[in-house]
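Notes follow the structure.
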Amino acid sequence: MKKLINDPADVVKDALLGIEAAHADRVRVDHTNKIIYRKDAPRQGKVGLISGGGSGHEPMHGGFVGLGMLDAACAGEVFTSPVPDQMMEATKGVDGGAGVLHIVKNYTGDVMNFEMAAEMAEADAGTEVKAVVTDDDVAVQDSLYTAGRRGVGVTVLLEKLVGAAAEEGRSLSEVADLAKKINDSGRSMGMALTSCTVPAAGKPTFELADNEMEVGIGIHGEPGRTRLPLAPAKDIAALLLDPILSDLPYGQGDSVIAFVNGMGGTPLIELYVMYNEVNQLHSKAGITVARSLVGDYITSLEMAGCSVTLLKVDDELVRLWDAPVNTPGLRWGA
Amino acid sequence: MKKLINDPADVVKDALLGIEAAHADRVRVDHTNKIIYRKDAPRQGKVGLISGGGSGHEPMHGGFVGLGMLDAACAGEVFTSPVPDQMMEATKGVDGGAGVLHIVKNYTGDVMNFEMAAEMAEADAGTEVKAVVTDDDVAVQDSLYTAGRRGVGVTVLLEKLVGAAAEEGRSLSEVADLAKKINDSGRSMGMALTSCTVPAAGKPTFELADNEMEVGIGIHGEPGRTRLPLAPAKDIAALLLDPILSDLPYGQGDSVIAFVNGMGGTPLIELYVMYNEVNQLHSKAGITVARSLVGDYITSLEMAGCSVTLLKVDDELVRLWDAPVNTPGLRWGA
Amino acid sequence: MGLSVDDLGSWVKLFADVVHENAAMLTELDAAIGDADHGINMERGMKAVAAAVNEGSFETADALLKKVGMTLVSTVGGASGPLYGTFFLRCGTALTSVDDIDAAAFGAALRAGVEGLVARGKPELGDKTMYDAWAPALDAYDAAVSGGSSLAQALRAAADAAAQGRDATIPMVARKGRASYLGERSAGHQDPGATSTTLLVEAAASTLG
Amino acid sequence: MGLSVDDLGSWVKLFADVVHENAAMLTELDAAIGDADHGINMERGMKAVAAAVNEGSFETADALLKKVGMTLVSTVGGASGPLYGTFFLRCGTALTSVDDIDAAAFGAALRAGVEGLVARGKPELGDKTMYDAWAPALDAYDAAVSGGSSLAQALRAAADAAAQGRDATIPMVARKGRASYLGERSAGHQDPGATSTTLLVEAAASTLG
Ligand SMILES: Nc1ncnc2c1ncn2[C@@H]1O[C@H](COP(=O)(O)OP(=O)(O)O)[C@@H](O)[C@H]1O
Ligand SMILES: Nc1ncnc2c1ncn2[C@@H]1O[C@H](COP(=O)(O)OP(=O)(O)O)[C@@H](O)[C@H]1O
Ligand SMILES: [Mg+2]
Ligand SMILES: [Mg+2]
Ligand SMILES: [Mg+2]
Ligand SMILES: [Mg+2]
């Protein structure tokens with residue numbers, strides 16, 4: 001295992017110290033509870049937005065704390081959902097009297113821990129809590145009898161858009177409804193060229209031959225739905241985009257935010273090559289790209305690979321997207 | 001070789017198409033000459049800033065084109081300096097009557113090609129051209145009889161700071177003097193956990209065992225000055241920072257911009273772990289960190305590793321750092 | 001006279017040791033169809049539990065087991081944290097003011113714990129989860145007790161049934177938890193949670209008898 | 001009668017072929033002490049040169065060689081682009097209005113080309129660059145010519161000397177170019193540029209005789 005770390009057991013602790021030191025102007029960190037707070041949280045009268053999940057997905061979620069996005073993020077161990085105590089603490093810490101929205105990615109662990117936290121927070125402090133669960137990964141067949149789809153790329157876009165809405169002073173139910181609408185309008189699909197190594201595990205989660213790739217992966221180094229021969233960027237773009245387009249579906253005349261995300265180990269030059277391919281498929285499909293995002297935003301440690309996310313947008317969502325945001329991981333207009 | 005590309009020969013071309021598609025709001029691309037222009041270039045009365053170099057260092061330089069930073073960037077083949085024709089074309093394209101500054105990293109190829117371009121541009125269009133050559137890499141012994149030190153991390157900070165100065169309407173000689181001052185106030189050092197693969201070469205430039213690291217590397221996948229056993233982040237931080245601190249030197253009471261840069265394949269969580277270690281060494285040395293930058297800004301394809309750059313700053317430089325910048329790779333205040 | 005607080009304490013501590021010894025194996029199993037952390041998670045949690053049990057002194061069985069549950073909820077995270085945590089919390093609640101913990105009372109507590117776990121995770125038989133080890137274990141336990149077996153014999157029967165349930169997860173296509181994302185590819189792998197659950201019941205059989 | 005435009009054209013085209021055949025080897029050498037692109041760079045440039053030479057028709061030697069130089073400058077980049085480009089540009093200039101390109105005239109042109117290269121890159125003997133192949137090659141050539149050798153014999157002597165100069169770069173610690181960043185670690189590796197230069201002189205020996 002080759003990583004820039006100290007003791008594998010200290011990765012999350014050390015990274016939180018680094019985030020605090022690098023971004024003290026915007027965030028403060030509760031190291032006991034592993035919570036990254038917006039420096040001026042709680043904001044009176046503003047709906048508090050918290051998210052959280054396993055670590056190893058940086059900049060998500062801690063890098064999205066700040067003006068126009070999250071009020072707090074709970075950091076779990078690598079790829080392991082945080083515990084209810086953290087989420088309850090964060091919920092209380094960002095409650096400005098207007099209630100708190102939990103942004104939860106649809107993984108059994110995240111959902112159950114956030115549920116317990118909400119029960120505790122409501123019992124304990126009487127804070128009104130609503131939750132939105134993101135489940136945008138088309139690689140997973142959806143069904144009533146399964147854990148359902150994973151929450152992936154849409155989570156990033158949702159945190160930005162809902163953050164802008166909360167900044168405008170909308171009510172908890174308005175913000176929650178918007179979050180639901182956004183989740184329902186977005187779809188994603190990812191692939192990997194390499195596996196990744198959980199520090200505490202010390203070796204790659206799976207092995208891939210030099211001529212293979214995993215398609216339909218999540219963000220935890222899990223193997224994907226299928227293993228295919230390595231292909232050119234053009235074919236990979238189609239492999240990721242086709243199931244997305246047919247799922248919602250998206251088509252002629254739709255306007256979208258197009259998001260090509262790196263999994264952590266893939267350099268930007270390759271992401272731009274992918275974006276070009278994806279963009280040409282949009283044009284073919286008659287889809288208008290209103291806004292785009294290219295880079296590492298929701299990662300899986302040092303995994304090489306990428307994911308594509310499409311979010312159908314109307315003028316209101318585009319306006320919320322353009323609203324000022326000032327976080328370590330996403331910043332404009334401020 | 002596992003990369004998200006099509007034909008290795010088309011990587012630069014395809015990436016430029018992707019950059020153009022993703023950032024059409026801020027840049028335009030001359031595909032014939034492989035030049036990324038600020039959309040509104042040339043700006044009348046403003047000193048034009050151009051840089052360029054081999055590709056594979058993204059977001060540098062193309063990602064730094066825009067308000068408050070570069071007016072144009074020339075993209076060479078992967079790790080190969082662009083040719084004079086490109087630089088001459090870009091020089092003419094950004095000349096708003098106030099002259100043009102060439103920001104050149106100190107590599108024999110870059111220096112010679114930019115020299116030829118300047119000669120051609122002055123002969124051809126009578127554009128006044130000045131050049132600043134960055135050479136901040138302390139891994140290389142400096143000497144009159146050698147190629148001298150490499151230009152690395154300081155180049156990124158310099159492009160931002162000088163960009164802000166040019167935006168203020170300063171003259172070419174003022175801008176060039178500032179650039180020189182910045183280069184003289186900055187030092188860098190880098191290390192690698194893995195090599196990288198030049199697409200056209202198809203295999204890693206060097207091989208590293210699982211328990212080895214290269215220290216004193218540049219940004220072209222070159223082997224470094226020394227090969228050492230893999231070490232914890234804490235020791236690596238000292239290995240990189242000590243030669244920097246003693247070189248300028250930096251010490252008690254100095255104020256700096258601290259920049260921890262990822263080489264392309266290292267995930268953000270590890271860069272924050274490194275930043276924490278570097279930051280603790282600053283405190284020990286009595287150095288004040290005025291501003292910080294953590295992320296992948298000057299990369300070496302998918303190489304895993306990092307570099308540390310310290311730039312001594314006064315109030316004026318901090319003010320220029322905080323000035324608005326709006327480029328695909330660096331953005332705030334706009 | 002039935003189970004004492006110390007008996008239950010040693011059960012939990014043995015489980016902590018066994019999890020420690022098998023952490024790598026549990027993580028391996030999770031690497032194949034999950035995210036390579038089940039052993040790491042359980043080890044982190046049970047280490048905290050062992051510490052809490054050693055430090056604190058507990059008057060009653062329910063106080064002890066509730067402490068175990070709370071500790072797991074607060075330290076494990078992931079899917080196994082709320083599931084194992086809820087299991088021990090409900091176990092404890094079921095034993096509140098039970099002063100003679102005989103075979104029947106302990107069986108009722110186990111069932112209450114598993115019902116809590118099911119309420120949280122909504123697993124069904126055949127979903128390829130820890131529940132596929134728990135369900136047969138509880139049934140075997142109750143059958144043994146109603147057949148007149150001792151607590152020791154009933155726990156032995158439960159442990160064997162849990163192991164069979166664990167093995168039965170191998171061919172299953174997961175419908176819950178991370179493994180479900182793999183679809184057909186999840187078949188042919190043993191479920192990590194069913195494996196740790198079998199270790200827990202095994203630990204009971206070898207300490208509580 | 002001395003060298004014709006066609007002679008020089010076939011020299012350049014042979015060099016293009018040889019570079020193509022040896023591109024991987026040149027890149028290998030550059031991988032060891034540089035950035036693994038010398039073969040790629042030279043192949044890209046000489047491919048463009050061969051195309052330009054085949055398409056265009058050239059009245060004079062200087063027109064041809066200047067075209068070669070301009071093409072290299074415009075397509076290669078890196079260190080070798082300006083260096084090889086300047087070499088051919090100056091070679092061409094030196095042959096302007098020379099109508100009988102005999103051994104002496106061609107030797108003078110080669111020296112002018114190398115002087116241009118030296119003016120650009122400021123290499124000194126022993127810096128571990130292409131100049132370490134050029135310098136002995138030029139000296140051997142001139143010695144042969146003043147010794148009365150034919151052009152063919154002089155070029156053969158130059159090619160052998162270039163090869164020796166190339167081999168002599170192996171133990172050198174680089175002081176110029178990327179290899180200089182390696183310090184002591186650059187010793188023990190053959191310089192890529194000196195290797196491509198040797199191929200160029202070899203190509204001259206086997207075409208211009
Ligand atoms: N909905 C569920 N109901 C019951 N057990 C579940 C459920 N989801 C997952 N599990 C169990 O949890 C185990 C995985 O635990 P662990 O790896 O620690 O958590 P995570 O999946 O969050 O990484 C699975 O092997 C399975 O037995
Ligand atoms: N200053 C210099 N003078 C002469 N030759 C040089 C100089 N610097 C580099 N070279 C030659 O250039 C070769 C490298 O060329 P190439 O790899 O194509 O360019 P780059 O180093 O820019 O990647 C070296 O092997 C060396 O022979
Ligand atoms: Mg997990
Ligand atoms: Mg090069
Ligand atoms: Mg797991
Ligand atoms: Mg090279």
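Throughout, a chain's letter reflects where its sequence line sits, starting with A, and its residues are numbered from 1.
Pairing each heavy atom of B/G265 with each of A/E302, the nearest pair is O-CB, 4.0 Å. For the residue pair A/I269 and B/S55, the shortest heavy atom distance occurs at CD1-CB, 4.3 Å. Scanning both residues, A/L193 and B/K2, for their nearest heavy atoms gives O-NZ, 2.6 Å.
For chain B, the option among A/T299, A/V12, A/L301 with the highest count of heavy-atom pairs below 4.5 Å is A/L301. Interface summary for chain A: among B/I19, B/N279, B/V294, the most heavy-atom pairs under 4.5 angstrom belong to B/I19. Of the listed residues B/L271, B/D235, B/N276, B/L17, the one with more heavy-atom pairs under 4.5 angstrom with chain A than any other is B/N276. Among B/E212, B/M303, B/R291, B/Q280, the residue with the largest count of heavy-atom pairs under 4.5 Å with chain A is B/E212. Between chain A and the options B/L230, B/D210, B/L293, the largest number of non-hydrogen pairs under 4.5 Å is found for B/D210. Put simply, of A/S292, A/P199, A/A15, the one with the most heavy-atom pairs under 4.5 Å next to chain B is A/A15. Interface summary for chain B: among A/A231, A/G56, A/A24, A/G264, the most heavy-atom pairs under 4.5 angstrom belong to A/G264.
Rounding to the nearest 0.5 Å places CG of B/D14 at 14.5 Å from OH of A/Y272. Separation of atoms NZ (A/K234) and CG (B/L4) is listed at 14.0 Å; rounding is to 0.5 Å.
Contact annotation for A/A192: neither backbone nor side-chain heavy atoms come within less than 4.5 Å of a heavy atom of chain B. When heavy atoms are compared at a cutoff of 4.5 Å, A/M1 approaches chain B solely by way of its backbone atoms N, CA, C and O. Both the backbone and the side chain of B/V11 come within less than 4.5 Å of a heavy atom of chain A. If you measure heavy-atom distances from B/P328 to chain A, the contacts under 4.5 Å come from the side chain alone. At a 4.5 Å heavy-atom cutoff, the contact between A/L208 and chain B is made by backbone and side-chain atoms alike. Residue B/A304: no heavy atom, backbone or side chain, is found under 4.5 Å from chain A. In this structure, the portion of A/I236 lying under 4.5 Å from any heavy atom of chain B is its side chain and not its backbone. Interface remark: B/T266 contributes backbone and side-chain atoms alike to the contact with chain A (heavy atom separation under 4.5 Å). Contacts between A/V278 and chain B at a heavy-atom distance below 4.5 Å are absent for every atom of the residue. Both the backbone and the side chain of A/A21 come within contact range of chain B, judged by heavy atoms closer than 4.5 Å.
Checked by atom type and distance alone, the side chain of B/E270 never pairs as donor or acceptor with a backbone atom of A/K3 at under 3.5 Å.
Between A/R331 and B/R331 there is no side-chain heavy-atom pair separated by less than 4.5 Å. Taking the side chain as every heavy atom from C-beta outward, A/E277 and B/N6 approach each other to under 4.5 Å. No side-chain heavy atom of B/P232 sits less than 4.5 Å from a side-chain heavy atom of A/I5.
When only modelled atom types and interatomic distance are considered, B/H23 and A/Y275 share no side-chain donor-acceptor pair under 3.5 Å.
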